[in-house]
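Note that the structure is a prediction, hence the values are computed from the model and not measured. When a ligand or atom number is given, it counts from 1 through the structure's own listing order.
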Amino acid sequence: MKVLVLNSGSSSQKSSLYEIGETVADDPPAFLWEGKIEWHGDIAEAEVKNSRGTVQRSSVQVLSRAEAVEHLLSTLWQDKTRAVASAAEIDVVGHRVVHGGPNYDAPVLVTPEVKAEIAKAAHFAPLHNRAELDGMELVEKLLGPVPQVAVFDTAFHRKMPQAATVYPGPYRWFESGIHRYGFHGVSHQYCAARAAQLLRRDLDSLKVVTCHLGNGCSLAAIHESHSIDTTMGFTPLEGLMMGTRSGSIDPGILTYLIRQGHLRPQEMDDVLNQESGLLGISGISGDMREILASMKQGHARAKLAFDIYVHRLRAAIGAMVAGLGGMDALVFTAGVGENSAEVRDAVCQKLDFLGLKLNATANVQRAPDADIAASDSAVRVLTIRAQEEWAIARECWHLMRRSLRWTPRIPA
Ligand code: ADP
(Lines give C-alpha, C1' and ligand atoms only; values in the text may rest on other atoms or scores of the structure.)
Protein backbone atom coordinates (compact mmCIF):
# COMPACT_ATOMS: atom_id res chain seq x y z
CA MET A 1 0.00 0.00 0.00
CA LYS A 2 1.50 3.37 -1.00
CA VAL A 3 0.67 5.97 1.64
CA LEU A 4 1.26 9.68 1.10
CA VAL A 5 1.35 11.84 4.22
CA LEU A 6 0.75 15.60 4.28
CA ASN A 7 1.84 17.67 7.27
CA SER A 8 0.68 21.24 6.65
CA GLY A 9 2.01 24.29 8.47
CA SER A 10 0.93 27.91 8.01
CA SER A 11 3.86 28.69 5.68
CA SER A 12 5.34 25.27 5.08
CA GLN A 13 4.34 21.84 3.89
CA LYS A 14 6.11 18.57 4.68
CA SER A 15 5.17 15.40 2.90
CA SER A 16 6.38 11.77 2.75
CA LEU A 17 5.55 8.67 0.77
CA TYR A 18 5.83 5.20 2.34
CA GLU A 19 5.18 1.74 1.04
CA ILE A 20 3.71 -0.69 3.58
CA GLY A 21 3.31 -4.37 2.78
CA GLU A 22 1.26 -7.09 4.46
CA THR A 23 2.60 -6.26 7.92
CA VAL A 24 3.91 -3.10 9.57
CA ALA A 25 7.63 -3.26 10.38
CA ASP A 26 8.66 -2.71 14.02
CA ASP A 27 11.35 -0.20 13.06
CA PRO A 28 10.33 2.88 11.07
CA PRO A 29 11.15 2.15 7.41
CA ALA A 30 12.88 4.50 4.97
CA PHE A 31 10.55 6.73 2.95
CA LEU A 32 10.17 6.31 -0.83
CA TRP A 33 10.04 10.07 -1.22
CA GLU A 34 10.15 13.04 1.16
CA GLY A 35 9.67 16.72 0.47
CA LYS A 36 9.40 20.05 2.22
CA ILE A 37 8.43 23.42 0.83
CA GLU A 38 8.52 26.74 2.69
CA TRP A 39 7.31 30.04 1.34
CA HIS A 40 7.89 33.65 2.29
CA GLY A 41 5.83 36.07 0.22
CA ASP A 42 5.65 34.73 -3.32
CA ILE A 43 8.94 32.77 -3.28
CA ALA A 44 8.88 29.11 -2.27
CA GLU A 45 11.94 26.96 -1.56
CA ALA A 46 11.54 23.20 -1.91
CA GLU A 47 13.80 20.31 -0.98
CA VAL A 48 12.88 16.82 -2.16
CA LYS A 49 14.61 13.46 -1.62
CA ASN A 50 13.82 9.98 -2.84
CA SER A 51 14.92 6.51 -1.72
CA ARG A 52 17.62 6.37 -4.43
CA GLY A 53 19.43 9.19 -2.63
CA THR A 54 18.50 11.85 -5.19
CA VAL A 55 18.10 15.30 -3.64
CA GLN A 56 16.63 18.21 -5.54
CA ARG A 57 16.33 21.79 -4.37
CA SER A 58 14.25 24.35 -6.22
CA SER A 59 13.03 27.87 -5.83
CA VAL A 60 9.75 28.83 -7.49
CA GLN A 61 7.43 31.79 -7.64
CA VAL A 62 3.98 30.97 -6.25
CA LEU A 63 0.76 32.94 -5.90
CA SER A 64 -0.83 30.78 -3.22
CA ARG A 65 -0.32 27.90 -0.77
CA ALA A 66 -2.08 25.60 -3.26
CA GLU A 67 0.49 26.44 -5.95
CA ALA A 68 3.37 25.77 -3.57
CA VAL A 69 1.98 22.40 -2.48
CA GLU A 70 1.14 21.45 -6.07
CA HIS A 71 4.76 22.15 -7.02
CA LEU A 72 5.98 19.93 -4.18
CA LEU A 73 3.64 17.03 -4.97
CA SER A 74 4.38 17.13 -8.70
CA THR A 75 7.96 16.03 -7.92
CA LEU A 76 6.47 12.69 -6.80
CA TRP A 77 5.79 11.70 -10.39
CA GLN A 78 8.01 14.14 -12.33
CA ASP A 79 11.66 15.09 -12.50
CA LYS A 80 14.60 13.09 -11.20
CA THR A 81 13.09 12.69 -7.72
CA ARG A 82 10.08 10.83 -9.01
CA ALA A 83 8.98 7.91 -6.85
CA VAL A 84 5.79 6.78 -8.63
CA ALA A 85 4.92 6.48 -12.33
CA SER A 86 1.70 8.43 -11.84
CA ALA A 87 -0.50 9.90 -9.12
CA ALA A 88 -2.85 6.91 -9.51
CA GLU A 89 -0.29 4.66 -7.78
CA ILE A 90 -0.97 6.35 -4.43
CA ASP A 91 -3.50 4.29 -2.47
CA VAL A 92 -4.30 6.56 0.46
CA VAL A 93 -3.40 10.02 1.71
CA GLY A 94 -3.05 10.79 5.42
CA HIS A 95 -3.29 14.33 6.78
CA ARG A 96 -2.02 15.57 10.10
CA VAL A 97 -4.90 17.69 11.41
CA VAL A 98 -3.87 19.88 14.33
CA HIS A 99 -7.31 20.38 15.91
CA GLY A 100 -9.96 17.65 15.90
CA GLY A 101 -12.39 19.55 18.15
CA PRO A 102 -14.20 17.75 20.95
CA ASN A 103 -15.33 14.65 19.07
CA TYR A 104 -12.48 12.78 17.42
CA ASP A 105 -10.40 10.38 19.48
CA ALA A 106 -9.05 8.32 16.56
CA PRO A 107 -8.16 8.73 12.87
CA VAL A 108 -11.12 8.82 10.45
CA LEU A 109 -11.70 8.57 6.72
CA VAL A 110 -12.30 12.04 5.29
CA THR A 111 -15.93 12.59 4.24
CA PRO A 112 -17.85 15.84 3.65
CA GLU A 113 -19.11 15.56 7.28
CA VAL A 114 -15.56 15.16 8.62
CA LYS A 115 -14.43 18.18 6.61
CA ALA A 116 -17.30 20.20 8.09
CA GLU A 117 -16.17 19.19 11.61
CA ILE A 118 -12.56 20.16 10.83
CA ALA A 119 -13.82 23.51 9.52
CA LYS A 120 -15.79 23.99 12.77
CA ALA A 121 -12.67 23.27 14.84
CA ALA A 122 -10.83 25.90 12.73
CA HIS A 123 -12.24 28.52 15.16
CA PHE A 124 -9.72 27.13 17.64
CA ALA A 125 -6.72 26.72 15.26
CA PRO A 126 -7.45 28.92 12.24
CA LEU A 127 -4.06 28.81 10.48
CA HIS A 128 -3.60 25.08 10.78
CA ASN A 129 -7.04 23.60 10.16
CA ARG A 130 -7.64 25.77 7.08
CA ALA A 131 -4.26 24.73 5.64
CA GLU A 132 -5.18 21.08 6.20
CA LEU A 133 -8.57 21.47 4.51
CA ASP A 134 -6.80 23.15 1.56
CA GLY A 135 -4.47 20.12 1.42
CA MET A 136 -7.45 17.74 1.21
CA GLU A 137 -8.99 19.73 -1.63
CA LEU A 138 -5.72 19.82 -3.51
CA VAL A 139 -5.35 16.05 -3.19
CA GLU A 140 -8.86 15.62 -4.65
CA LYS A 141 -7.83 17.82 -7.57
CA LEU A 142 -4.45 16.16 -8.23
CA LEU A 143 -5.10 12.52 -7.27
CA GLY A 144 -8.83 12.12 -7.93
CA PRO A 145 -11.02 9.95 -5.71
CA VAL A 146 -8.28 8.52 -3.46
CA PRO A 147 -9.25 7.67 0.16
CA GLN A 148 -8.03 10.35 2.57
CA VAL A 149 -7.54 9.95 6.31
CA ALA A 150 -7.47 12.67 8.98
CA VAL A 151 -5.13 11.94 11.91
CA PHE A 152 -5.73 14.41 14.72
CA ASP A 153 -3.07 15.87 16.99
CA THR A 154 -5.66 16.27 19.73
CA ALA A 155 -7.04 12.69 19.52
CA PHE A 156 -4.53 10.96 21.82
CA HIS A 157 -5.47 13.33 24.66
CA ARG A 158 -9.24 12.86 24.38
CA LYS A 159 -9.31 10.31 27.21
CA MET A 160 -7.69 12.66 29.73
CA PRO A 161 -9.74 12.83 32.94
CA GLN A 162 -11.89 15.92 33.40
CA ALA A 163 -9.71 17.07 36.29
CA ALA A 164 -6.96 17.56 33.71
CA THR A 165 -9.10 19.04 30.93
CA VAL A 166 -11.49 21.50 32.59
CA TYR A 167 -10.11 24.99 33.32
CA PRO A 168 -11.03 26.31 36.74
CA GLY A 169 -12.86 29.31 35.22
CA PRO A 170 -16.66 29.43 35.06
CA TYR A 171 -18.16 26.07 34.11
CA ARG A 172 -19.84 27.64 31.05
CA TRP A 173 -16.37 27.88 29.44
CA PHE A 174 -16.16 24.11 29.46
CA GLU A 175 -19.69 23.85 28.04
CA SER A 176 -18.75 26.15 25.16
CA GLY A 177 -15.66 24.14 24.17
CA ILE A 178 -13.06 26.14 26.10
CA HIS A 179 -11.11 23.33 27.72
CA ARG A 180 -7.73 21.62 27.49
CA TYR A 181 -7.36 19.66 24.24
CA GLY A 182 -3.60 19.02 24.15
CA PHE A 183 -1.49 18.76 20.98
CA HIS A 184 1.46 16.82 19.49
CA GLY A 185 -0.67 13.71 20.15
CA VAL A 186 0.66 11.83 17.11
CA SER A 187 4.21 12.27 18.40
CA HIS A 188 3.45 11.47 22.08
CA GLN A 189 1.52 8.33 21.14
CA TYR A 190 4.24 7.14 18.76
CA CYS A 191 7.01 7.76 21.32
CA ALA A 192 5.19 5.96 24.13
CA ALA A 193 4.61 2.89 21.93
CA ARG A 194 8.18 2.99 20.64
CA ALA A 195 9.52 3.27 24.21
CA ALA A 196 7.60 0.15 25.24
CA GLN A 197 8.95 -1.65 22.18
CA LEU A 198 12.57 -0.60 22.91
CA LEU A 199 12.21 -1.63 26.57
CA ARG A 200 10.47 -4.91 25.58
CA ARG A 201 7.59 -4.07 27.91
CA ASP A 202 3.83 -3.86 27.46
CA LEU A 203 2.85 -0.17 27.24
CA ASP A 204 -0.19 -0.91 29.42
CA SER A 205 2.20 -1.68 32.29
CA LEU A 206 4.32 1.48 31.96
CA LYS A 207 4.17 5.02 33.30
CA VAL A 208 5.84 7.21 30.70
CA VAL A 209 6.54 10.93 30.38
CA THR A 210 7.20 11.99 26.79
CA CYS A 211 8.95 15.33 26.12
CA HIS A 212 8.35 16.65 22.58
CA LEU A 213 10.87 19.50 22.37
CA GLY A 214 10.88 21.06 18.89
CA ASN A 215 9.98 24.61 17.92
CA GLY A 216 6.78 23.87 19.84
CA CYS A 217 7.24 21.96 23.11
CA SER A 218 4.89 19.81 25.16
CA LEU A 219 4.87 16.91 27.61
CA ALA A 220 2.45 14.04 27.99
CA ALA A 221 1.93 11.74 30.97
CA ILE A 222 0.99 8.29 29.70
CA HIS A 223 -0.60 5.56 31.80
CA GLU A 224 -2.23 2.35 30.56
CA SER A 225 -1.48 3.48 26.99
CA HIS A 226 -3.46 6.74 27.33
CA SER A 227 -2.50 10.35 27.83
CA ILE A 228 -3.71 11.34 31.29
CA ASP A 229 -2.22 14.83 31.26
CA THR A 230 -0.34 17.13 28.92
CA THR A 231 1.11 20.63 29.06
CA MET A 232 -0.52 22.25 26.02
CA GLY A 233 -4.17 23.12 26.52
CA PHE A 234 -6.88 25.05 24.69
CA THR A 235 -4.18 26.20 22.27
CA PRO A 236 -0.56 25.14 21.63
CA LEU A 237 0.50 28.19 23.64
CA GLU A 238 0.01 26.73 27.12
CA GLY A 239 2.69 24.98 29.12
CA LEU A 240 6.42 24.91 28.48
CA MET A 241 8.64 27.75 27.30
CA MET A 242 9.26 27.24 23.56
CA GLY A 243 11.37 28.67 20.74
CA THR A 244 9.24 31.79 20.21
CA ARG A 245 6.16 31.00 22.34
CA SER A 246 5.93 32.03 25.99
CA GLY A 247 4.13 28.95 27.31
CA SER A 248 2.10 29.54 30.48
CA ILE A 249 2.24 32.98 32.02
CA ASP A 250 0.10 34.70 34.65
CA PRO A 251 -3.16 35.63 32.84
CA GLY A 252 -3.13 38.77 34.98
CA ILE A 253 -0.30 40.08 32.76
CA LEU A 254 -2.68 40.05 29.82
CA THR A 255 -5.50 41.85 31.61
CA TYR A 256 -2.96 44.39 32.90
CA LEU A 257 -1.63 45.04 29.38
CA ILE A 258 -5.17 45.34 27.97
CA ARG A 259 -6.17 47.79 30.71
CA GLN A 260 -3.07 49.87 30.11
CA GLY A 261 -3.96 49.94 26.39
CA HIS A 262 -0.52 48.51 25.49
CA LEU A 263 -1.64 45.63 23.31
CA ARG A 264 -4.54 44.86 21.00
CA PRO A 265 -5.62 41.21 20.51
CA GLN A 266 -3.61 40.59 17.33
CA GLU A 267 -0.50 42.21 18.82
CA MET A 268 -0.89 40.10 21.92
CA ASP A 269 -1.15 36.98 19.78
CA ASP A 270 2.02 37.98 17.92
CA VAL A 271 3.96 38.77 21.11
CA LEU A 272 3.00 35.51 22.84
CA ASN A 273 3.48 33.26 19.79
CA GLN A 274 6.34 34.86 17.87
CA GLU A 275 8.27 37.23 20.10
CA SER A 276 8.54 35.31 23.36
CA GLY A 277 10.20 32.12 24.60
CA LEU A 278 13.92 31.61 23.90
CA LEU A 279 13.84 34.44 21.36
CA GLY A 280 12.02 36.88 23.63
CA ILE A 281 14.37 36.39 26.57
CA SER A 282 17.69 36.07 24.72
CA GLY A 283 16.98 38.67 22.03
CA ILE A 284 19.06 36.41 19.77
CA SER A 285 17.06 33.48 18.42
CA GLY A 286 14.38 30.89 19.10
CA ASP A 287 16.77 28.17 17.94
CA MET A 288 18.30 26.22 20.83
CA ARG A 289 21.55 25.72 18.86
CA GLU A 290 22.11 29.48 18.76
CA ILE A 291 21.20 29.85 22.42
CA LEU A 292 23.76 27.20 23.38
CA ALA A 293 26.46 28.74 21.19
CA SER A 294 25.87 32.25 22.60
CA MET A 295 25.75 30.92 26.14
CA LYS A 296 29.20 29.39 25.66
CA GLN A 297 30.47 32.81 24.59
CA GLY A 298 29.21 34.31 27.86
CA HIS A 299 25.97 35.91 26.61
CA ALA A 300 24.01 36.51 29.85
CA ARG A 301 20.50 36.64 28.35
CA ALA A 302 21.11 33.45 26.34
CA LYS A 303 22.06 31.78 29.63
CA LEU A 304 18.92 33.15 31.29
CA ALA A 305 16.78 31.86 28.40
CA PHE A 306 18.36 28.40 28.76
CA ASP A 307 17.88 28.41 32.53
CA ILE A 308 14.18 29.38 32.30
CA TYR A 309 13.62 26.72 29.61
CA VAL A 310 15.18 24.02 31.80
CA HIS A 311 13.54 25.25 35.04
CA ARG A 312 10.06 25.12 33.49
CA LEU A 313 10.68 21.83 31.72
CA ARG A 314 11.89 20.15 34.90
CA ALA A 315 8.97 21.55 36.93
CA ALA A 316 6.48 20.30 34.34
CA ILE A 317 8.07 16.84 34.29
CA GLY A 318 7.67 16.83 38.08
CA ALA A 319 3.97 17.65 37.70
CA MET A 320 3.52 14.82 35.17
CA VAL A 321 5.29 12.34 37.48
CA ALA A 322 3.07 13.42 40.39
CA GLY A 323 -0.03 12.88 38.22
CA LEU A 324 1.20 9.43 37.21
CA GLY A 325 2.30 8.47 40.74
CA GLY A 326 5.74 7.47 39.45
CA MET A 327 7.66 7.12 36.20
CA ASP A 328 9.19 4.10 34.45
CA ALA A 329 10.53 5.95 31.40
CA LEU A 330 11.32 9.52 30.39
CA VAL A 331 11.43 10.06 26.62
CA PHE A 332 13.05 12.96 24.74
CA THR A 333 12.05 13.59 21.12
CA ALA A 334 12.02 16.28 18.35
CA GLY A 335 14.80 18.76 17.45
CA VAL A 336 15.91 19.76 20.97
CA GLY A 337 14.94 16.49 22.67
CA GLU A 338 16.86 14.32 20.20
CA ASN A 339 19.90 16.52 19.76
CA SER A 340 20.65 18.55 22.85
CA ALA A 341 22.65 16.55 25.39
CA GLU A 342 22.99 19.83 27.36
CA VAL A 343 19.21 20.19 27.84
CA ARG A 344 18.77 16.51 28.77
CA ASP A 345 21.66 16.66 31.22
CA ALA A 346 20.46 19.88 32.89
CA VAL A 347 16.90 18.57 33.23
CA CYS A 348 17.88 15.15 34.57
CA GLN A 349 20.42 16.40 37.11
CA LYS A 350 17.76 17.34 39.65
CA LEU A 351 15.55 14.33 38.94
CA ASP A 352 17.98 12.10 40.81
CA PHE A 353 15.54 12.07 43.77
CA LEU A 354 13.43 9.73 41.58
CA GLY A 355 16.38 7.35 41.27
CA LEU A 356 16.92 8.61 37.70
CA LYS A 357 20.57 8.50 36.57
CA LEU A 358 21.82 9.42 33.12
CA ASN A 359 24.73 7.58 31.51
CA ALA A 360 26.81 10.70 30.76
CA THR A 361 28.67 9.10 27.85
CA ALA A 362 25.55 7.63 26.23
CA ASN A 363 23.78 10.98 26.62
CA VAL A 364 26.45 12.69 24.51
CA GLN A 365 27.36 9.89 22.10
CA ARG A 366 24.39 7.66 21.37
CA ALA A 367 22.12 8.62 18.48
CA PRO A 368 18.36 8.09 18.82
CA ASP A 369 16.63 5.72 19.26
CA ALA A 370 18.64 4.88 22.39
CA ASP A 371 18.46 4.19 26.11
CA ILE A 372 20.75 6.77 27.72
CA ALA A 373 20.09 5.93 31.40
CA ALA A 374 22.77 4.40 33.63
CA SER A 375 22.35 0.65 34.10
CA ASP A 376 21.33 1.12 37.75
CA SER A 377 18.84 3.96 37.05
CA ALA A 378 15.34 3.40 38.49
CA VAL A 379 13.90 5.26 35.46
CA ARG A 380 14.87 4.48 31.85
CA VAL A 381 15.70 7.60 29.82
CA LEU A 382 15.24 7.28 26.06
CA THR A 383 15.87 9.43 23.03
CA ILE A 384 13.48 8.64 20.19
CA ARG A 385 13.55 10.18 16.74
CA ALA A 386 10.29 12.03 16.00
CA GLN A 387 8.45 10.10 13.30
CA GLU A 388 5.14 11.89 12.95
CA GLU A 389 4.83 11.22 9.21
CA TRP A 390 5.57 7.52 9.65
CA ALA A 391 3.11 7.30 12.58
CA ILE A 392 0.41 8.86 10.37
CA ALA A 393 1.21 6.46 7.49
CA ARG A 394 0.86 3.52 9.88
CA GLU A 395 -2.51 4.80 11.13
CA CYS A 396 -3.71 5.07 7.50
CA TRP A 397 -2.61 1.49 6.82
CA HIS A 398 -4.49 0.20 9.90
CA LEU A 399 -7.62 2.18 9.08
CA MET A 400 -7.65 1.02 5.46
CA ARG A 401 -7.20 -2.61 6.49
CA ARG A 402 -9.97 -2.33 9.09
CA SER A 403 -12.54 -0.25 7.31
CA LEU A 404 -12.30 -1.23 3.65
CA ARG A 405 -11.72 -4.41 1.73
CA TRP A 406 -8.55 -2.81 0.46
CA THR A 407 -7.17 -3.50 -3.00
CA PRO A 408 -4.39 -1.53 -4.68
CA ARG A 409 -5.57 1.28 -6.99
CA ILE A 410 -3.05 -0.07 -9.50
CA PRO A 411 -2.50 -3.83 -9.08
CA ALA A 412 1.21 -4.75 -8.87
P1 ADP B 1 9.37 21.44 14.53
O2 ADP B 1 8.80 21.58 15.89
O3 ADP B 1 9.18 22.64 13.67
O4 ADP B 1 9.05 20.12 13.84
P5 ADP B 1 12.01 20.34 15.11
O6 ADP B 1 11.48 19.19 15.85
O7 ADP B 1 12.82 20.08 13.90
O8 ADP B 1 10.94 21.43 14.74
O9 ADP B 1 12.89 21.17 16.14
C10 ADP B 1 13.48 22.36 15.74
C11 ADP B 1 14.35 22.88 16.84
O12 ADP B 1 15.27 21.86 17.27
C13 ADP B 1 15.25 24.01 16.35
O14 ADP B 1 14.62 25.23 16.47
C15 ADP B 1 16.42 23.90 17.27
O16 ADP B 1 16.18 24.75 18.37
C17 ADP B 1 16.41 22.49 17.78
N18 ADP B 1 17.62 21.74 17.41
C19 ADP B 1 17.89 21.09 16.27
N20 ADP B 1 19.12 20.53 16.30
C21 ADP B 1 19.64 20.83 17.51
C22 ADP B 1 20.88 20.57 18.18
N23 ADP B 1 21.85 19.88 17.59
N24 ADP B 1 21.04 21.04 19.43
C25 ADP B 1 20.08 21.76 20.03
N26 ADP B 1 18.90 22.04 19.46
C27 ADP B 1 18.68 21.61 18.24
Considering only the protein, which heavy-atom contact is closest to [atom], and what is its distance?
| atom | answer |
| --- | --- |
| atom 20 (N) of ligand 1 | Asn339 ND2, 3.4 Å |
| atom 15 (C) of ligand 1 | Asp287 OD1, 3.2 Å |
| atom 13 (C) of ligand 1 | Asn215 OD1, 3.8 Å |

Option nearest [atom] (shortest heavy-atom distance, choices [options]):
| atom | options | answer |
| --- | --- | --- |
| atom 26 (N) of ligand 1 | Met242, Glu342, His212, Met288 | Met288 |
| atom 5 (P) of ligand 1 | Gly286, Ser187, Gly335 | Gly335 |
| atom 25 (C) of ligand 1 | Glu338, Arg289, Arg385 | Arg289 |

Look only at the side chain of Glu290 and the backbone of Asp287, and say whether a donor-acceptor pair between them is shorter than 3.5 Å.
no
Sidechain-backbone polar pair: Arg366 side chain, Asp371 backbone, donor-acceptor under 3.5 Å:
yes
Quick check on [X]: does its [atom1] atom have over 12 non-hydrogen neighbours (other residues, nucleotides or ligands) under 6.0 Å away?
| X | atom1 | result |
| --- | --- | --- |
| Lys350 | NZ | no |
| Arg52 | CZ | yes |
| Tyr167 | OH | yes |

Determine the interplanar angle of the His99 and Tyr181 rings, folded into 0 to 90°, and report it as parallel if under 30°, tilted if 30 to 60°, perpendicular if over 60°.
perpendicular
Can you list the ligand 1 atoms lying under 4.0 Å from a non-hydrogen atom of Ala334?
6 (O)
Any atoms of ligand 1 less than 4.0 Å from a non-hydrogen atom of Ser340? List them with their elements.
25 (C)
Ser218 and His212: side chain donor to acceptor below 3.5 Å:
no
Relative to ligand 1, is Lys14 under 4.0 angstrom through side chain, backbone, both or neither, heavy atoms considered?
side chain
